[in-house]
Amino acid sequence: MPFRPTLRQLEYVVALAECGHFGKAAKRCHVSQPTLSVQIGIVEENLGIQLFERTSATVLITPVGERFLHGARVTLAAMNDLMDAVAQDGAALGGVVRLGTPPSFGPYFLPTFLPPLHQTYPDLKIYIVEDRPAAIETAVAEGTLDCGLGPSCGEPSLTFVPIGSERLYLGVPADHRLAQRRSVAVNELAGERLLALGSGNRLLENVQHLAEASGATVVDDYAGTSLDAIRQMVSIGMGCSLFPELYARAEFRNAEEVHLLEVSDWRETREVGVYFRATTGRVAHFEELAERAKDAARTLGIG
């Protein structure tokens, strides 16, 4: 039978990769440093690969180690899912939820979503992480996050439950030729420069789709790090961009330097929802979370 690392050995590998130091990883795993070092050596020897590059100052993971690390995280997440299925705590949706959400959505949705949820489940603890949608999907798939809340995901191992959709508005500078209009047709955008968030953001895909439909061009020498940064760049005439509905409502009330238009004959929206691992033992928890999120989406007018 080929060598198979134990779950404990996988935990050692993940800890060392994340800590970058044998002593810190051993402390996190509640074992001695020699024990952790020997066990990782056993894994490397029996698999015939080098997972880590040891230097005098730090520990670096190798490329094959990165691939092994991903598999280790997924395997440990599957075991956690199995344990969750055996010992569910339905009274508080499992007691703890580690939730990922992108900054282009979470800050505008959570204030409506969380208070009623806390009232219904006062013992539920929700730890919120903001990141790019693609990074959140990876974290959910690997088990470092329990679920995600935001734009529809592209990770096939995750289950996506839609809760609503946001309209997308075109933001143009105040002195733009279209700024005094309430709406614009797709063909009127031919030749326009469109600014977009960087890779890993679903809004980049929406901007690319609009460019393809209209003949506009996506500015490829700059990738925005936030919608606020994109809005500031639009305000000084560096291009136009798309802004989702909840962000637009919250941030454009007094934004006289940027005007929002509807694209009258382009019906693309941003679908949003809750997503989680298909193998999790907490499907009932996250489906209930999605139902509560649907209530919030309806309250906000996007459900």
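Cluster annotation: Phe252 is connected to Met233 through the hydrophobic network of ILVMFWY side chains, with a link wherever side-chain heavy atoms come within less than 4.5 Å. Linking Ile, Leu, Val, Met, Phe, Trp and Tyr whenever their side-chain heavy atoms come within less than 4.5 Å puts Tyr12 and Val59 in one cluster. There is a path of hydrophobic side-chain contacts, each under 4.5 Å, that joins Leu261 to Phe243. Linking ILVMFWY side-chain heavy atoms closer than 4.5 Å, directly or via other members, places Tyr127 and Phe286 in two distinct hydrophobic clusters. Residue Leu69 is not grouped with residue Val140 when hydrophobic side chains (ILVMFWY) are merged at heavy-atom distances under 4.5 angstrom, including chains of intermediate members.
More than 12 heavy atoms of other residues, nucleotides or ligands shown are found within 6.0 angstrom of NE2 on His209. Heavy atoms from other residues, nucleotides or ligands lying under 6.0 Å from CZ of Arg8 number more than 12. Under a cut-off of 6.0 angstrom, the local environment of CD in Glu45 is sparse, with at most 12 non-hydrogen atoms contributed by other residues, nucleotides or ligands.
Judged by distance alone, the side chain of Thr269 and the main-chain N or O of Ser165 form no donor-acceptor pair under 3.5 Å. Between the side chain of Thr101 and the backbone N or O of Gly150 there is no donor-acceptor pair closer than 3.5 Å. A distance-only check finds no donor-acceptor pair linking the side chain of Arg277 to the backbone of Ser157 [under 3.5 Å]. Judged by distance alone, the side chain of Arg98 and the main-chain N or O of Val96 form no donor-acceptor pair under 3.5 Å. Listed for the Thr144 side chain is a donor-acceptor partner under 3.5 Å among the backbone atoms of Ala139. Under the 3.5 Å distance criterion, the side-chain polar atoms of Ser183 are left unmatched by any main-chain donor or acceptor of Ser264. Side chain of Asp265 to main chain of Val186: a donor-acceptor pair is present (N/O by atom type, distance under 3.5 Å, no hydrogens or angles). Remark: the backbone N or O of Pro34 is not paired with any side-chain donor or acceptor of Ser37 at under 3.5 angstrom.
Applying side chain to side chain contact (heavy atoms under 4.5 Å, CB included) to Leu242 and the options Val207, Ile230, Leu227 leaves one that passes, Val207. No option in Glu268, Glu271, Glu137 other than Glu137 meets the salt bridge (charged side-chain N to carboxylate O under 4.0 Å, His left out) test with Arg202.
No side-chain heavy atom of Leu99 sits less than 4.5 Å from a side-chain heavy atom of Val274. Here the side chains of Glu257 and Arg231 are in contact, with some heavy-atom distance below 4.5 Å. Residues Leu289 and Leu117 have side chains in contact (heavy-atom distance under 4.5 Å, counting atoms from C-beta outward). At a threshold of 4.5 Å between non-hydrogen side-chain atoms, the residues Gln39 and Glu11 do not count as touching. Inter-residue side-chain proximity for Phe22 and Leu16 is flagged as met; some heavy-atom pair is nearer than 4.5 Å. Using a 4.5 Å heavy-atom threshold, the side chains of Thr75 and Met79 count as separate. For the pair Ile163/Leu149, a side-chain contact is recorded, criterion being any heavy-atom separation below 4.5 Å from C-beta on. Side-chain contact between Pro102 and Asn201 is absent, with no heavy-atom pair separated by less than 4.5 Å.
When all heavy atoms are compared, the tightest approach of Val97 to Cys147 is CG1-SG, 3.7 Å. Of all the heavy atoms in Gly20 and Thr58, the pair that sits closest is O-OG1, 3.2 Å. Closest of all the heavy-atom pairs between Leu36 and Cys29 is CD1-SG, 4.2 Å. Shortest non-hydrogen contact noted between Glu166 and Val272 is OE1-CG1, 4.0 Å. Summarising the geometry of Val218 relative to Gln208, their closest heavy-atom pair is CG2-CA, 4.2 Å, with the distance given to 0.1 Å. When every heavy atom of Cys240 is checked against every heavy atom of Pro173, the shortest pair comes out as SG-CD, 4.3 Å.
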What do the steps show when you test Trp266 against Leu168 for side chain to side chain contact (heavy atoms under 4.5 Å, CB included), and what is the final call? CA-CA 10 Å; Trp266 187 68; Leu168 297 170; 4.2 Å; yes

(Q) Before you tell me yes or no, could you show the steps for Val14 and Arg28 under side chain to side chain contact (heavy atoms under 4.5 Å, CB included), namely the whole-Å CA-CA distance, both residues' side-chain angles and the distance that decides it to 0.1 Å? (A) CA-CA 11 Å; Val14 171; Arg28 176 168 136 180; 4.1 Å; yes

Might you work through the side chain to side chain contact (heavy atoms under 4.5 Å, CB included) test for Leu10 and Phe68, ending with a clear yes or no? CA-CA 9 Å; Leu10 295 182; Phe68 185 88; 3.7 Å; yes

Practice problem: Show the numbers, then the answer: is there a side chain to side chain contact (heavy atoms under 4.5 Å, CB included) between Arg249 and Leu300? | Solution: CA-CA 10 Å; Arg249 283 189 212 163; Leu300 288 167; 4.3 Å; yes

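Atom CD1 of residue Ile61 and atom CD of residue Glu18 lie 9.5 Å apart, to the nearest 0.5 angstrom. Interatomic distance, Arg292 CZ to Thr120 OG1, rounded to the nearest 0.5 Å: 4.0 Å. Taken to the nearest 0.5 Å, the OG1 atom of Thr112 stands 11.5 Å off from the CG atom of Asp295. Going from atom NE2 of His259 over to atom OG of Ser235 covers 11.0 Å, rounded to the nearest 0.5 Å. Atoms CG and CZ, on Leu47 and Arg4 in that order, are 11.5 Å from each other to the nearest 0.5 Å. The CD1 atom of Ile42 sits 9.0 Å away from atom OG1 of Thr6, with the distance rounded to the nearest 0.5 Å.
Counting only residues at least two apart or on different chains, the side chain to side chain donor-acceptor pair (under 3.5 Å) pairs with a member in residues 168-180 are Arg167-Tyr169, His176-Glu192, Arg177-Glu192.
For the residue pair Tyr108 / Glu251, a side-chain donor-acceptor distance below 3.5 Å is found, with atom types taken as modelled. Under the 3.5 Å distance criterion, with hydrogens and angles disregarded, no donor-acceptor pair is assigned to the side chains of Glu155 and Tyr275. Between Arg270 and Ser104, the side chains place a donor N or O and an acceptor N or O closer than 3.5 Å (distance only, hydrogens not considered).
With sequence neighbours left out, Phe105 forms a ring pair (Phe, Tyr, Trp, His ring centres under 6.0 Å) with Phe109.
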